[in-house]
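All ligand and atom numbering here is 1-based and tracks the order in the structure. Everything quoted here is computed from the prediction, not taken from an experiment. Hydrogens, waters and symmetry mates play no part in the numbers below; they use all other heavy atoms, side chains included.
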Amino acid sequence: MEAVTVAAGEFAGRTAILAGGATLIGRAIAAAFAAAGANVVIADIDAEGGALAVRELGDRALFLPTDVTVDADIDACIAAAAERFGGIDYLVNVTTSYLDNGLETARADWLRALDIAVVGAAIFAQRAAPHLIARKGAIVNFSSISAHRAQAGRFVYPAAKAAVAQLTRSQALEFARHGVRVNAVAPAWTWSNVIGMVSGGDRAKADRAAAPFHMAGRIADAEEVARAVLFLCSDAASFVMGAELPVDGGYLALGPEQRDDAIAALAG
Ligand SMILES: NC(=O)c1ccc[n+]([C@@H]2O[C@H](COP(=O)([O-])OP(=O)(O)OC[C@H]3O[C@@H](n4cnc5c(N)ncnc54)[C@H](O)[C@@H]3O)[C@@H](O)[C@H]2O)c1
């Protein structure tokens with residue numbers, strides 16, 4: 001029997017590209033890869049966040065300004081990453097857009113958001129494929145609990161995340177014969193730039209707001225999502241393909257009868 005945990009050293013000398021890696025969640029993933037001995041390439045339009053990640057991680061991290069809606073940027077990023085680190089083992093597509101005006105969303109915003117979240121991930125995988133195949137690597141995409149539930153006023157983001165979940169299954173089948181595994185994580189509310197901004201930087205307030213619909217009674221730390229990403233990239237996940245792993249504190253398992261009052265109403 002082989003070990004069932006992430007083997008010590010298995011990420012040493014490997015290289016991960018994190019598209020959208022300059023954000024708080026992306027930087028937590030970068031830190032987890034770097035701590036495990038991997039090289040990390042942050043591909044993002046956010047130069048400030050990218051610079052911060054490189055400052056946090058040192059020599060093994062590289063920021064490459066990359067717009068995932070521009071093919072030439074993706075190609076340049078992949079070429080520079082392969083040249084600097086000698087190959088590419090993992091691609092993590094963190095990039096998203098929160099452009100969403102529900103029913104009123106303009107066509108241009110629909111197309112822009114889908115370009116960033118879905119098409120960007122598809123083209124990045126397409127262009128990185130020869131490198132990932134050469135290393136028998138892995139891809140992790142970012143879905144969300146939003147892919148599975150109606151949320152007030154939101155049309156574009158949930159549709160984009162549902163498309164990413166299906167893209168993951170299609171890519172998994174295509175890449176499996178080349179020895180590359182493709183999976184997704186589906187986080188629930190996670191301490192992130194957006195939650196930090198909306199809560200005014202108040203973590204306790206975010207936890208309180210999320211408690212009624214997360215079994216965990218709180219939001220996730222970015223590091224908890226990062227650990228799931230590393231698991232999916234690791235050999236411990238060797239038979240996990242086309243999966244969407246909830247990292248959601250029980251959000252998706254909950255239904256309307258989560259409290260005792262339903263039975264109480266019936267009995268009363
Ligand atoms: N924040 C949450 O609670 C939460 C919950 C579930 C899922 N997620 C998913 O986690 C991931 C990260 O979420 P977040 O809240 O940190 O998002 P975010 O908006 O803070 O980060 C997205 C990153 O993508 C980058 N980006 C945007 N457009 C780009 C482009 N054209 N080219 C390259 N990079 C671009 C941004 O600069 C940013 O660094 C997303 O895929 C999101 O759907 C987040």
Side-chain angles (χ1 to χ4, degrees), residues 17-31 40-54 63-78 91-100 109 111-124 127 139-149 151 154 156-165 167-168 184-199 203 206-207 209-210 213-214 216 218-226 228-229 244-249 251-252:
I17 294 186
L18 312 184
T23 191
L24 204 151
I25 293 177
R27 296 206 309 278
I29 301 167
V40 182
V41 175
I42 313 268
D44 203 300
I45 50 173
D46 175 5
E48 208 177 301
L52 183 61
V54 171
F63 170 65
L64 295 170
T66 308
D67 185 335
V68 300
T69 68
V70 178
D71 289 359
D73 275 21
I74 294 175
D75 287 341
C77 170
I78 289 167
L91 171 65
V92 184
N93 287 302
V94 188
T95 313
T96 199
S97 158
Y98 287 113
L99 259 181
D100 194 330
D109 287 348
L111 293 175
R112 176 79 189 147
L114 293 174
D115 202 3
I116 293 169
V118 186
V119 185
I123 301 296
F124 225 123
R127 301 301 172 103
I139 298 174
V140 178
N141 293 321
F142 264 73
S143 179
S144 166
I145 47 90
S146 302
H148 302 277
R149 296 289 185 268
Q151 293 174 312
R154 300 181 99 183
V156 182
Y157 180 78
K161 295 283 115 178
V164 167
L167 173 68
T168 300
V185 286
W189 288 25
T190 304
W191 186 245
S192 53
N193 291 2
V194 67
I195 301 238
M197 202 174 68
V198 177
S199 67
R203 172 63 193 263
D207 283 336
F213 43 92
H214 293 73
R218 62 171 177 85
I219 64 170
D221 292 321
E223 290 72 17
E224 292 175 302
V225 176
V229 171
E244 194 187 348
L245 178 63
V247 190
D248 69 354
Y251 181 113
L252 286 175

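- Contact between Ala226 and Ala28 at its shortest, heavy atoms only, is CB-O, 3.6 Å.
- In terms of protein heavy-atom proximity, atom 7 (C) of ligand 1 is nearest to Tyr157 OH, 3.4 Å.
- The shortest heavy-atom contact between Val164 and Ser143 is CG1-N, 4.2 Å.
- When the heavy atoms of Val198, Asn141, Thr95 are ranked by distance to atom 34 (N) of ligand 1, first place goes to Thr95.
- Considering each of Thr23, Ile29, Asp44, the one bringing a non-hydrogen atom nearest atom 37 (O) of ligand 1 is Asp44.
- Here is the list of ligand 1 atoms found below 4.0 Å of a heavy atom in Thr66: 32 (N), 33 (C).
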**Report entry** side chain to side chain contact (heavy atoms under 4.5 Å, CB included) between Glu223 and Trp191, intermediate numbers included
**Finding:** CA-CA 9 Å; Glu223 290 72 17; Trp191 186 245; over 6 Å; no
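- In the vicinity of Lys161, heavy-atom distances shorter than 4.0 Å reach the ligand 1 atoms 40 (C), 41 (O), 42 (C), 43 (O).
- Every atom of ligand 1 is numbered from 1 in the order shown, and the set under 4.0 Å from a heavy atom of Val194 is 1 (N), 15 (O).
- Considering every non-hydrogen atom in both Ile42 and Ala30, the closest pair reads CD1-CB, 3.8 Å.
- Checked by atom type, the side-chain pair Thr95/Asn93 shows no donor-acceptor distance below 3.5 Å.
- Annotation: Trp189 is not in aromatic contact with Tyr251 [ring centroid separation under 6.0 Å not met].
- For ligand 1, the atoms closer than 4.0 angstrom to any heavy atom of Ser144 are 6 (C), 7 (C).
- Of all protein heavy atoms, the one lying nearest to atom 3 (O) of ligand 1 is Thr190 N, 2.9 Å.
- Defined by atom type and a distance below 3.5 Å, a donor-acceptor pair is missing between the side-chain atoms of Thr69 and Asp115.
- Note that CD1 of Ile116 and CG of Asp67 are 7.0 Å apart. Values are rounded to the nearest 0.5 Å.
- Between Asp100 and Val156, the closest heavy-atom pair is OD2-N, 2.8 Å.
- We find the OH-CG distance between Tyr157 and Leu114 to be 13.0 Å, quoted to the nearest 0.5 Å.
- In terms of heavy atoms, Pro65 sits closest to Asp73 at O-OD2, 4.5 Å.
- The protein heavy-atom contact nearest to atom 1 (N) of ligand 1 is Ser192 OG, 2.9 Å.
- Protein heavy atom in closest approach to atom 44 (C) of ligand 1: Tyr98 OH, 3.5 Å.
- Summary of contacts: the protein heavy atom closest to atom 10 (O) of ligand 1 is Phe142 CD2, 3.1 Å.
- In this structure, atom 6 (C) of ligand 1 lies nearest to the protein heavy atom Pro187 O, 3.2 Å.
- For atom 41 (O) of ligand 1, the closest heavy atom belonging to the protein is Val94 O, 2.7 Å.
- Note on ligand 1: Trp191 sits outside its first shell, no heavy atom being nearer than 4.0 Å.
- At the top of the distance list for atom 22 (C) of ligand 1, counting protein heavy atoms only, stands Thr96 N, 3.9 Å.
- Residue Thr190 comes nearest to Ile219 through the heavy atom pair C-CD1, 4.0 Å, listed as atom of the first residue, atom of the second, then distance.
- Contact atoms of ligand 1 toward Asp67: 30 (C), 31 (N), 32 (N) (distance under 4.0 Å to a heavy atom of the residue).
- For Ser143, the closest heavy-atom approach to ligand 1 falls below 4.0 Å.
- Heavy-atom proximity to Asp46, at under 4.0 Å, picks out these atoms of ligand 1: 37 (O).
- Checked by atom type and distance alone, the side chain of Arg149 pairs as donor or acceptor with a backbone atom of Leu252 at under 3.5 Å.
- Ligand-side atoms of ligand 1 in range of Trp189: 3 (O), range being under 4.0 angstrom from any heavy atom.
- Salt-bridge check for Asp44 with Arg27: failed, with every basic side-chain N at 4.0 Å or more from each acidic carboxylate O.
- Contact analysis leaves Leu24 out of contact with ligand 1, as no non-hydrogen atom separation drops below 4.0 angstrom.
- The N/O atoms of Val68, backbone and side chain alike, include one that comes under 3.5 Å of an N/O atom in ligand 1.
- When the heavy-atom distances from atom 28 (N) of ligand 1 to Ile42, Asp115, Ile45 are ranked, the shortest goes to Ile45.
- Under a 4.0 angstrom heavy-atom cut-off, Ala188 registers as being in contact with ligand 1.
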